[in-house]
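Below is one structure, written out as structure tokens; comments come after it.
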Amino acid sequence: MRAIWKGAVSFGLVSVPVKLYSATESHDVSFRQVHAKDGGRIKYQRVCSIDGEEVPYADIAKGYETEDGEMVVLSDDDLAELPLTSSREIAVEKFVPSEQIDPMLFEKSYYLEPESTGAKPYALLRQALLDADRMAVVTVALRQRTTVAVLRVRGDVIVLQTMMWPDEVREPDFTIETGEIKDAEVKMAHMLVETLAGDFDADDFEDDYAAAVEAVVKAKVEGGEVKRTPTSTKTGGEVVDLLAALQRSVDAAKTARGEKPAEEKKKPASKKAPAKKSAAKKKPAAKKTAAKKKPAAKKAS
């Protein structure tokens, strides 16, 4: 793993230098949109919805859409005035009972590794959290934005879990009509719970969907059902084709101006070279013949 952030956990007068690592990674199956005929990837262009023209990255700005549907374009100067921070401190605000934190607020998890100089205070903080059965609510700046997070213990490691803001958790806007629940039904539900009771072990579960996709793909590869999409070798061929196309364009432009293409110029030159030499030898002979005939014409007259 590679550290993505370095800073320090501070609580009271204690400071623990730490490194931050992503604790999770997604193994979700992802597909690409391709042309069913040849397997070529589908490309998307950045097109303006008003004029229909493609927009280069240099002309793309950030816009905020209001509730009325109007668009407010923010300049670089506007963004520079926003309250961003580059603080490298994980500041402990308070220690709260673990059951008070709604799991729905948890967003992303990170491992905290202590620097060599902070190993002992790191171990003390970890033990204090375990003994008190509490989480440390902290504020931390990640990607220049301050967010709320918690520190909790997982094995021998302290985990930092970022949290969503309260207004980001939606409230259900529906009601559930259950009707009357009878005692016998409740008793039966309790029996079902006891029947399926057990301890949680993440290894008991497997992503069947991902495994099934891999099996289908493997079978198609072994059966030769593969679209040969462009590779680095073909890319080289495309460069050659481009040069050939450019040459044809140059030749076409010359033809339009009444000039001969480069290839046509070379071929006649190689064939006519001997003819020019023989013509050069015959010219003197032609002059002599003409000189002999003139006097003969005078005698005839």
Side-chain angles (χ1 to χ4, degrees), residues 1-5 19-66 69 71-74 76 79 82 84 103-111 140-145 147 149 154 159-165 168-170 200-249:
M1 294 189 297
R2 295 179 58 185
I4 63 173
W5 186 91
K19 298 177 182 178
L20 199 69
Y21 300 87
S22 292
T24 60
E25 59 184 0
S26 175
H27 290 166
D28 191 20
V29 175
S30 60
F31 298 101
R32 298 186 183 276
Q33 289 190 325
V34 298
H35 187 190
K37 180 181 179 181
D38 53 24
R41 294 182 184 179
I42 304 300
K43 295 183 178 181
Y44 294 92
Q45 295 178 321
R46 301 172 298 277
V47 178
C48 176
S49 61
I50 296 178
D51 56 26
E53 295 183 0
E54 185 175 359
V55 182
Y57 273 116
D59 294 340
I60 295 179
K62 287 183 170 60
Y64 184 92
E65 188 172 4
T66 65
M71 190 65 65
V72 179
V73 179
L74 301 178
D76 292 339
L79 297 174
L82 296 178
L84 302 179
M104 285 189 69
L105 291 171
F106 293 144
E107 191 171 18
K108 191 167 183 180
S109 302
Y110 300 90
Y111 288 131
V140 58
L142 297 176
R143 299 179 183 87
Q144 297 185 320
R145 289 189 61 183
T147 185
R154 184 176 189 268
V159 175
L160 180 145
Q161 286 187 284
T162 56
M163 300 173 65
M164 305 180 73
W165 298 104
E168 292 179 320
V169 178
R170 303 172 64 186
F200 176 74
D201 186 353
D203 293 333
D204 292 341
F205 303 91
E206 183 181 357
D207 188 353
D208 295 336
Y209 182 78
V213 171
E214 290 179 2
V216 171
V217 172
K218 182 179 180 181
K220 285 185 173 290
V221 170
E222 292 176 350
E225 298 182 53
V226 180
K227 300 292 185 182
R228 300 298 177 184
T229 52
T231 61
S232 58
T233 303
K234 188 170 182 180
T235 301
E238 289 174 352
V239 173
V240 174
D241 293 341
L242 175 60
L243 293 175
L246 291 173
Q247 183 60 59
R248 288 194 296 270
S249 299

Closest heavy-atom pair and its distance - A61, V73: CB-CG1, 3.9 Å
- prompt: Hey, are the side chains of F106 and M163 touching, using non-hydrogen atoms and a 4.5 Å cut-off?
  reply: yes
statement: Between the CH2 atom in W165 and the CG atom in L105, the distance rounded to the nearest 0.5 Å is 11.0 Å
task: State, to 0.1 Å, how close M104 and V169 come at their nearest heavy-atom pair, and which atoms those are.
output: CE-CG1, 3.9 Å
More than 12 heavy atoms from other groups under 6.0 Å of CG on D201: yes
- request: Measure the acute angle between the ring planes of F200 and F205, then classify it against the limits of 30° and 60° as parallel, tilted or perpendicular.
  value: parallel
query: About how many Å separate NZ of K108 and OG1 of T147, when rounded to the nearest 0.5 Å?
result: 12.5 Å
- prompt: Heavy-atom distance under 4.5 Å between the side chains of Y111 and V159, does that happen here?
  reply: yes
message: What's the separation between atom CD in E53 and atom CG in D59, rounded to the nearest 0.5 Å?
response: 10.5 Å
field: Spacing of T66 atom OG1 and M71 atom CE [to the nearest 0.5 Å]
entry: 8.0 Å
message: Tell me whether the count of non-hydrogen atoms from other residues, nucleotides or ligands lying under 6.0 Å of CZ in F31 goes above 12.
response: yes
- prompt: Does the side chain of V140 come within less than 4.5 Å of L20's, by heavy atoms?
  reply: no
Distance (rounded to the nearest 0.5 Å) between L74 CG and Y64 OH: 10.0 Å
message: Against E206, only a single residue in D204, D208, D203 fulfils side chain to side chain contact (heavy atoms under 4.5 Å, CB included); can you say which?
response: D208
- prompt: For atom CZ of R46, is the number of surrounding heavy atoms from other residues, nucleotides or ligands below 6.0 Å larger than 12?
  reply: yes
task: List the steps, then state whether side chain to side chain contact (heavy atoms under 4.5 Å, CB included) holds for L79 with K62.
output: CA-CA 9 Å; L79 297 174; K62 287 183 170 60; 3.7 Å; yes
